[in-house]
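Residues take their numbers from the sequence shown, with the count starting at 1.
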Amino acid sequence: MAETSSSTEVVERRGIPAAAFVEDVQTYLNKSDLDVNSALASFQERLQQYKLVEMKLLAQQRDLQAKIPDIEKCLDIVATLQARKGSGEPLLADFEVSEGIFSRACIEDSDSVCLWLGANVMLEYSCEEANTLLQKNLENAKASLEVLVGDLQFIRDQTTITQVTIARVYNWDVHQRRRQAAVPSITDTDL
């Protein structure tokens, strides 16, 4: 296949295959034993796959971007509880029971907090353990977000390469058809 290649070219990223840029369409079609329509269909299918992966990655990114502020808010609450520990005065807090429904609580000195872990599971941790767990979760979420941003950039690059390749193959086909139409056939010149 006549594709650009260099030693730094990425073959795939986390299971997402890299798009092949076709420099010479004729050579590519001959070596891959495809006609123009088959090649275009193949590139269109790959483009749709990239768009599907991009949608999934964007959904994961939105989830992480919503999760990070929640973790930071929990860390602030644990830090507030630790700071007020031993002061003797209760902490009045409004907390969200459900979306849009709040309740007021009077929190006495406590050495532990309960954290929702997901799947309707709540565990009680000491304030220090909760702080450590939340810090670790925050670091993991931020690292995952960085990886997702890199994956999204990679997928956007592959989408662009595929779109350019589709345009090149299509334009090459149009050029070939025009060229064939411009060449008079032998039967026309004999008359």
Worksheet, complete the sentence: On a heavy-atom basis, the closest approach of Phe43 and Ala20 is CE2-O, 4.5 Å

Worksheet item: Which heavy-atom pair separates Phe154 from Pro17 by the least distance, and what is that distance?
Response: CE2-O, 4.3 Å

Worksheet, complete the sentence: Across all chains, not counting sequence neighbours, the side-chain hydrogen bond (donor to acceptor under 3.5 Å, both in side chains) partners of Gln153 are Asp157

Check: [Y] main-chain N/O paired with [X] side-chain donor or acceptor under 3.5 Å:
X	Y	value
Asn171	Ala167	yes
Glu96	Gly100	yes
Ser98	Ile101	no

Are [Y] and [X] linked, directly or through intermediate hydrophobic residues, by side-chain heavy-atom contacts shorter than 4.5 Å (ILVMFWY only)?
X	Y	value
Ile166	Val22	yes
Leu75	Leu123	yes
Val149	Ile16	no
Val121	Leu134	yes
Ile71	Leu133	yes

Practice prompt. Could you give me the CA-CA distance, side-chain angles and deciding distance for Lys85 and Asp111, then say whether side chain to side chain contact (heavy atoms under 4.5 Å, CB included) is met?
Written response: CA-CA 8 Å; Lys85 186 173 162 183; Asp111 291 333; 2.9 Å; yes

Between [atom1] on residue [X] and [atom2] on residue [Y], distance to nearest 0.5 Å:
X	Y	atom1	atom2	answer
Ile68	Asn137	CD1	CG	11.0 Å
Ser112	Glu128	OG	CD	10.5 Å
Thr165	Leu47	OG1	CG	10.0 Å
Asp109	Leu81	CG	CG	9.5 Å
Gln163	Gln158	CD	CD	11.5 Å
Asp151	Leu57	CG	CG	5.5 Å

Discussion item. With heavy-atom distances below 4.5 Å as the criterion, would you say the side chains of Tyr125 and Thr132 are in contact?
Written reply: no

Fill in: Pair Arg177-Asp173, salt bridge (Lys or Arg N to Asp or Glu O under 4.0 Å): steps then yes or no
CA-CA 6 Å; Arg177 289 176 195 255; Asp173 185 43; 2.9 Å; yes

Worksheet item: Under the side-chain contact (heavy atoms from CB on, under 4.5 Å) test, which residues partner Asp35, sequence neighbours left out?
Response: Asn37, Ser38

Are more than 12 heavy atoms, taken from residues, nucleotides or ligands other than [X], located less than 6.0 Å from that residue's [atom1] atom?
X	atom1	result
Tyr170	OH	no
Asp33	CG	no
Arg156	CZ	yes

